[in-house]
Amino acid sequence: MIERQHLLRKIPPVDQLLLRPAIVSCIDRTGREFVVSEIQRLLQGIRDAILSGEVSAGDLSPEKIEMSLLETVERRLRPKLRTLINATGVVLHTNLGRALLSEAAQKSLSAFSGNYTNLEYDIDSGGRSHRDKLLEPLLQEVLGCEAATVVNNNSAAVYLILNSLACGREVIVSRGELVEIGGSFRIPDIMSRSGAILREVGTTNKTRIQDYRDAIGPNTALLLRVHPSNFRMLGFVEKPGLRELVNLSREAGIPLVEDIGSGLLVDLKPYGIQDEPVAQESLAAGADLICFSGDKLLGGPQAGIIAGAGKLVGLIRRNPLMRTYRVEKLIYGALEATLASYRLGRAAEEIPVVRMIAMTAADLKKRAGAFARRLKSALPSDVRVSLAEGSSVVGGGSCPECRLPTTLIALEVAHTGPNAIESRLRLQDPAIIVRLEMDRCLIDLRTVFPEQEPFLISGIQKALAEPA
Ligand SMILES: *Cc1c(COP(=O)(O)O)cnc(C)c1O
């Protein structure tokens, strides 16, 4: 106990710490109040540690305390949301923020964030206008639809459609399409919260048009078709084509809604993207309403787009809940810039998501080869850098079966397991996120910009130079 009292008295006073040059310069950068409160917190922690017998006299030197203060301050001031290098090759990685925006979309973000805009103002008349009308003409042009509106994400779009058009009434869905996407978006749950009544038809693997027809009754509000984005069924599988559903919907006078998920606007089949509905094709085939995400294959900002018949979109617009899902000016700006690339047929050059998917196996092989050579010469000889044929995936709950051919760079270090390499790379600044596969640490350059390659090399160099 006497020992503890002695240690407590040895803690340097706050005033004395505040005179130290490194701490003075820290105050210049961050403000006195912040630093004082950090010192007090740190000292309190030391007092508690002394009382529980975890501190020795050596830990109490002003130098040691200064060092841990500067570390704490730096850690606390570090933004929680940070950029990182995605070396996984997963183009739409939901945990890493999904789609990267085009240059034009990025420029619009910076222009609109610091300036007033005509978000709800009609410059011609000087009167009020509505944000929801801003992008409608462009969406009509690109999608070939009568009307369109933008909400916060596709989950909100599905919810608003059901709540606006089917509250208290039945919505017919195939049992094979009652999907869960991303853990919290489940069609049956969204349906019940929206007030619509789920009317399941068919079986998990087989649903026929007759099943839909038999389920139609006086209380039927909608036929809903949901794209099973993140899974595929194989084998004994059957479901009606969109055309068949359109015919039934017209015959019965009941609108057909299609949640297409990803918002693909150009055909990417030549690049291996199969089974993803193209938005314009669903509308042209006769779906009354479609909805999709802005930040999946479309390659824009997080948003949900609802497009189709003017009458139905009008009912959704008048839903008082619309306000709770509205988006801000930055989203309209970025979405407009993204759609503008599609209008001019420049998606493959300008939209990063499309560009990454369209990268050829030959180009990736060449890049990987050159990268591996540079990496090898930057690393000690006990690090093995090798190339392996493999594939990238789209991710983000899109196209689970699509395999885009790529060349991977494998990193192996003597006496260090792949998990240890992965975590060292992840703890760099910026963090480097790699793939762990077949007991190897793999880099896929598909999702790395060429201008990031030097940072990737120096990050790997630093990570592997650290003592194990
Ligand atoms: C991704 C997806 C959603 C959810 O979209 P968010 O934009 O992530 O809210 C809904 N339905 C389908 C079919 C999807 O693929």
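All ligand and atom numbering here is 1-based and tracks the order in the structure.
Within the 4.0 Å heavy-atom shell around ligand 1 one finds R98. Under a 4.0 Å heavy-atom criterion, V158 is not in contact with ligand 1. Under the 4.0 angstrom criterion for non-hydrogen atoms, Q302 is not in contact with ligand 1.
Atoms of ligand 1 found under 4.0 Å from any heavy atom of I181, numbered from 1 in the order shown, are 1 (C), 2 (C), 11 (N), 12 (C), 13 (C), 14 (C), 15 (O). The ligand atoms of ligand 1 that sit less than 4.0 angstrom from a heavy atom of K296 are 1 (C), 2 (C), 3 (C), 14 (C), 15 (O). Under a 4.0 Å criterion applied to the non-hydrogen atoms of D259, ligand 1 contributes the atoms 10 (C), 11 (N), 12 (C), 13 (C).
The existence of a salt bridge linking R355 and E349 is excluded, since no basic side-chain nitrogen approaches an acidic carboxylate oxygen closer than 4.0 Å. Using a cutoff of 4.0 Å between basic side-chain nitrogens and carboxylate oxygens, E422 and R435 are not scored as salt-bridged. One finds no salt bridge joining K311 and E146 here, because no Lys/Arg side-chain nitrogen approaches an Asp/Glu carboxylate oxygen to under 4.0 Å. Taking the charged nitrogens against the carboxylate oxygens, E276 and K269 have no contact shorter than 4.0 Å, which rules out a salt bridge. No salt bridge links R128 with D122; every basic N to acidic carboxylate O contact stays at or beyond 4.0 Å.
Residue S229 touches ligand 1 through its side chain alone, judged by heavy-atom distances below 4.0 Å. Contacts of N154 with ligand 1, taken as heavy-atom pairs under 4.0 Å, involve both backbone and side chain. Contact annotation for E258 and ligand 1: no heavy atom of the residue comes within less than 4.0 Å of the ligand.
Distances between N or O atoms of S262 and those of ligand 1 include no value under 3.5 Å. Of the N or O atoms in H227, none lie within a sub-3.5 Å distance of an N or O in ligand 1.
Among all protein heavy atoms, the one lying closest to atom 7 (O) of ligand 1 is S293 OG, 2.7 Å.
Rounded to the nearest 0.5 angstrom, E336 CD and S108 OG are separated by 8.0 Å. Put simply, CD1 on I290 and CG on N154 are 10.0 Å apart, with the number rounded to the nearest 0.5 Å. In this structure, CG on L411 lies 6.0 Å from CG on L375, to the nearest 0.5 angstrom.
Listed for the E238 side chain is no donor-acceptor partner under 3.5 Å among the backbone atoms of T207.
Ranked by closest heavy atom to atom 4 (C) of ligand 1, the top entry among S155, G294, P228 is S155.
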